[in-house]
Amino acid sequence: MPMSDMEVENMKTTLKEISEIINGNIEGNENIEITSVGTIEDAKEGEITFLANPKYSHFLKTTKASAVIVSKEQPPLPCINLVKVENPYLSFCQILQHFNPHPVKYPEGIHNTAIIGKNTILGKNVKIGAYTVITDDVIIGDDVVIFPGVYIGDRSKIGNRTLIYPNVTIYHRVSIGCDCIIHSGVVIGSDGFGFVRDGDKQMKIPQVGEVIIEDDVEIGANVTIDRATINFTKIGRGTKIDNLVQIAHNVIIGENCTIVAQVGISGSTKLEKNVTLAGQVGVAGHITIGENSIVAAQSGVSKSLPPNSIVFGYPARPMMQAKRIESCVHQLPELLQRIKELEKKVDELEKKR
Amino acid sequence: MPMSDMEVENMKTTLKEISEIINGNIEGNENIEITSVGTIEDAKEGEITFLANPKYSHFLKTTKASAVIVSKEQPPLPCINLVKVENPYLSFCQILQHFNPHPVKYPEGIHNTAIIGKNTILGKNVKIGAYTVITDDVIIGDDVVIFPGVYIGDRSKIGNRTLIYPNVTIYHRVSIGCDCIIHSGVVIGSDGFGFVRDGDKQMKIPQVGEVIIEDDVEIGANVTIDRATINFTKIGRGTKIDNLVQIAHNVIIGENCTIVAQVGISGSTKLEKNVTLAGQVGVAGHITIGENSIVAAQSGVSKSLPPNSIVFGYPARPMMQAKRIESCVHQLPELLQRIKELEKKVDELEKKR
Amino acid sequence: MPMSDMEVENMKTTLKEISEIINGNIEGNENIEITSVGTIEDAKEGEITFLANPKYSHFLKTTKASAVIVSKEQPPLPCINLVKVENPYLSFCQILQHFNPHPVKYPEGIHNTAIIGKNTILGKNVKIGAYTVITDDVIIGDDVVIFPGVYIGDRSKIGNRTLIYPNVTIYHRVSIGCDCIIHSGVVIGSDGFGFVRDGDKQMKIPQVGEVIIEDDVEIGANVTIDRATINFTKIGRGTKIDNLVQIAHNVIIGENCTIVAQVGISGSTKLEKNVTLAGQVGVAGHITIGENSIVAAQSGVSKSLPPNSIVFGYPARPMMQAKRIESCVHQLPELLQRIKELEKKVDELEKKR
């Protein structure tokens with residue numbers, strides 16, 4: 001019962017056909033076949049990509065993409081097929097829609113099984129799926145889409161145009177901004193993990209704070225974001241969070257961060273803006289990661305990092321240093337040999353003295 | 001649409017105001033402003049904390065908290081603002097409630113859309129939210145609160161006063177004790193991961209055991225706890241589990257353990273009491289971690305540990321040894337230089353002999 | 001309220017009683033007590049196991065199991081209790097059922113609160129639980145069982161005899177094969193994590209591809225499988241996935257792979273058939289792991305691996321090499337001493353020359 005290969009085959013398109021969809025001008029071979037899309041760094045043969053930000057224009061020399069959508073101002077390049085358009089990013093999204101004959105269907109209006117609590121205010125043109133429960137004193141903005149099986153606790157707020165997929169749980173007093181996307185299985189506002197040991201017993205510290213998610217945040221499937229002990233846990237505007245990430249109580253994440261899958265951020269830690277945490281990174285509590293920092297996959301960060309840090313490893317070290325150490329570790333068996341050799345020679349030297 | 005800053009501002013309170021709420025006596029500056037709470041180890045300036053257990057009294061000298069709630073027996077301390085009360089922990093929780101004008105609202109009674117199966121017994125004063133499904137032969141204790149969208153499989157049991165948040169899934173034959181808290185997205189009783197390879201094929205081993213959660217256990221959002229192959233998987237009384245933790249089939253966790261976010265414990269492993277596993281730790285199958293042991297974040301434990309172990313690293317080693325090795329690893333590039341130097345010198349010594 | 005110990009006690013059975021259930025012939029002590037089951041590698045005293053595949057017959061010499069179910073052709077073995085039967089694997093499963101007086105109860109028929117969309121086709125003998133929502137243009141095969149609280153998006157397909165536990169979310173255009181088992185909290189078809197930076201802003205790349213799950217796949221609780229950017233994310237026939245695993249967009253997993261809990265596989269990576277990734281492994285994007293490869297727990301794989309690789313560590317290295325390096329790392333403090341010693345001696349030699 002897998003999708004027929006035919007449907008997949010249909011996705012092969014010549015560059016000429018693609019150019020017609022986006023009203024572009026081709027410089028290069030209009031007959032090559034495009035089978036997929038990619039980013040300018042990672043695209044492979046057969047793929048089309050785009051260049052919107054001049055910062056990335058050096059990738060034009062190295063990209064393996066079969067074609068690149070560029071702006072009309074782009075000077076000609078002999079080795080690569082170009083499609084020139086007004087707005088490369090918008091054209092690229094149009095092409096993706098071309099490869100997408102059936103976009104997701106939203107719920108239609110407010111389903112008659114959806115439960116809306118007392119004093120809850122719904123904006124204009126809200127869509128709410130079956131069996132979704134929205135409790136009391138909630139504010140839902142305009143054009144919000146909420147799929148079936150979602151729970152929204154009391155006094156929470158959902159900003160305009162935010163999209164919430166099925167089976168999401170939003171506890172009480174959680175504030176979500178405009179234009180956010182919340183994927184299925186996400187839990188926002190669960191209690192922070194706070195206990196005080198009294199001998200063998202662990203006494204719960206009440207978690208009475210809130211969660212604030214700013215505008216334009218995307219949160220991947222089964223992510224967990226805990227409410228603060230007091231004050232708030234906060235995700236800054238434009239930050240993107242991948243699946244299965246854990247964000248503990250009182251964490252403050254700045255704007256436009258990128259948090260890849262299975263990252264864990266411990267309590268009260270702060271990420272400044274534009275920070276990237278690659279997959280499975282762990283960050284200790286009560287530290288600050290400076291803006292524009294990048295932490296490589298699986299690293300463990302236990303101390304604060306200054307802005308523009310690039311770190312790697314467990315414990316995380318500056319990338320250059322980590323690589324040097326890594327290369328030494330690799331040579332260790334050979335080093336051990338060299339030390340044995342030295343010991344033998346020194347021994348003989350001592351004897352013959 | 002984030003919460004107004006005003007609401008957060010309101011949370012600033014003088015120490016005098018706080019002292020009045022908990023009927024305490026101040027020794028120190030009653031006019032300082034308190035903006036938040038913290039633990040005695042980690043509190044920062046502007047925060048108030050408490051000391052309930054004499055074991056932690058040495059932290060009184062190092063805490064950065066602006067004030068500490070202590071018992072009436074506490075001798076005066078010149079450098080720190082004290083608030084003396086009868087029961088410091090209870091007073092601390094009262095203060096948290098002060099910072100919490102709107103605690104979570106429970107469902108009211110049993111919602112008319114909740115489905116209750118045959119032979120299922122409900123205790124007194126049970127609250128069950130909309131669209132929750134409780135199947136046959138289930139026993140629900142007194143004062144249990146179950147939010148919307150929860151599923152409870154047949155022959156399961158939920159102890160008195162246990163609190164189950166929305167969208168939790170409890171499979172059949174799962175026993176949960178009294179006074180537990182189960183956060184959203186938790187799955188308890190899914191099949192253990194057991195297969196037998198027959199050439200290329202993997203044949204499923206039926207998972208016919210159970211899960212037992214004892215009293216006073218808290219389980220964080222999106223945690224998964226598998227049922228046993230036979231017999232049971234068990235979480236001991238008073239153990240606290242953070243978000244996104246994986247507990248495999250036939251794992252036995254002792255009393256009062258602390259399992260931090262994203263930990264994974266493999267099949268048939270046993271944790272004795274008071275064990276702490278920090279974030280993202282991985283524990284191999286079929287081993288035992290002795291009581292009071294502490295495993296540092298991201299460590300990998302592949303062998304049994306005696307009681308009172310403190311280990312770190314991948315593979316996990318005793319903390320002292322791990323730190324010494326870690327410091328050597330850090331010096332490796334320099335060591336390599338020193339070996340090269342030695343080789344040169346020995347070479348010359350050999351020539352000149 | 002934990003299960004009574006009596007029920008657990010009941011599970012003790014003599015080997016004679018077990019032999020009668022499966023109509024076997026005992027060679028050895030028929031009076032020993034069996035308390036549990038295990039695999040031939042890992043079983044402990046008191047446990048019964050089985051041998052179906054001759055490939056594993058060497059384990060007969062080392063297994064600690066108290067008895068082994070074997071085929072009638074098995075030659076006698078003096079040191080171990082054997083139960084001879086026609087089909088050892090089937091007999092083993094029967095014994096598990098013996099230890100399981102109460103197997104899981106499926107929903108009965110199609111619950112009147114289940115919502116079925118337009119043009120959705122249901123096969124014969126389908127069971128659908130309460131409050132499950134199946135949207136438009138979905139195809140559900142024969143004998144499919146869907147528990148309560150499940151969501152299935154438009155144009156998805158579920159193959160014959162597939163079993164879907166409560167609170168699973170399947171987005172639109174996801175194809176699931178026959179005989180699959182999907183545990184609670186699983187999310188299949190959420191958007192791949194694809195953004196393009198435009199200065200500070202991160203623009204979303206539409207994720208318009210699909211997900212294909214082939215036949216006989218089991219997916220553990222709270223696993224996330226993202227839809228492809230274009231084309232598809234694919235899980236091969238017979239692959240088994242443990243809890244809390246993350247599978248990114250455009251990942252292609254071959255047949256009969258074993259993916260243990262909390263593994264993360266980054267975008268566009270390919271696993272060939274029979275690959276085993278142990279717990280908490282991380283795999284980088286755009287690489288290929290050759291067939292029959294095994295990656296040890298918590299390892300990080302950043303480069304492609306040839307077939308039959310056995311790797312370990314972070315970064316992952318061939319097992320032999322990794323162990324040699326690991327052993328050197330362990331000796332580092334002592335090596336440092338030896339280097340200091342050498343330096344001293346060489347110094348003296350130089351002086352005395």
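To find a chain, count down the sequence lines: A is the first, B the second, and so on, and within it residues start at 1.
- When heavy atoms are compared at a cutoff of 4.5 Å, C:Thr276 approaches chain B solely by way of its side chain, counted from C-beta outward.
- The most heavy-atom pairs under 4.5 Å with chain B, out of C:Pro148, C:Gly185, C:Ala278, C:Gly220, come from C:Pro148.
- Within a 6.0 Å sphere centred on NZ of B:Lys270, heavy atoms belonging to other residues, nucleotides or ligands number 12 at most.
- Between B:Arg237 and B:Asp215 there is a salt bridge, with a side-chain nitrogen of the basic residue lying less than 4.0 Å from a carboxylate oxygen of the acidic one.
- Of the atoms belonging to B:Gln298, it is backbone heavy atoms, and not side-chain ones, that fall under 4.5 Å from chain C.
- A donor-acceptor contact shorter than 3.5 Å links the side chain of C:Ser184 to the backbone of C:Pro166.
- Contact count against chain C (heavy-atom pairs under 4.5 Å) is highest for B:Met203 among B:Gln321, B:Gln207, B:Met203, B:His286.
- In this structure, C:Phe312 has its ring center under 6.0 Å from that of B:Tyr314.
- Dense packing is recorded around CD of B:Glu334, with more than 12 heavy atoms of other residues, nucleotides or ligands lying under 6.0 Å away.
- When ring centroids are compared, C:Tyr165 and B:Tyr171 come within the 6.0 Å threshold.
- Chosen from C:Asp216, C:Leu332, C:Leu336, C:Thr239, the residue pairing most often with chain B at heavy-atom distances under 4.5 Å is C:Leu332.
- The candidate from C:Thr39, C:Thr258, C:Leu335 with the greatest count of non-hydrogen atom pairs under 4.5 Å with chain B is C:Thr258.
- The contact list for residues 222-229 of chain B toward chain C, using heavy atoms and a distance under 4.5 Å, reads B:Asn222, B:Val223, B:Thr224, B:Asp226, B:Thr229 by residue number.
- Within 6.0 Å of CD in C:Glu33 there are more than 12 heavy atoms belonging to other residues, nucleotides or ligands.
- Looking only at distances, no side-chain donor or acceptor of B:Thr169 sits under 3.5 Å from a matching main-chain atom of B:Tyr151.
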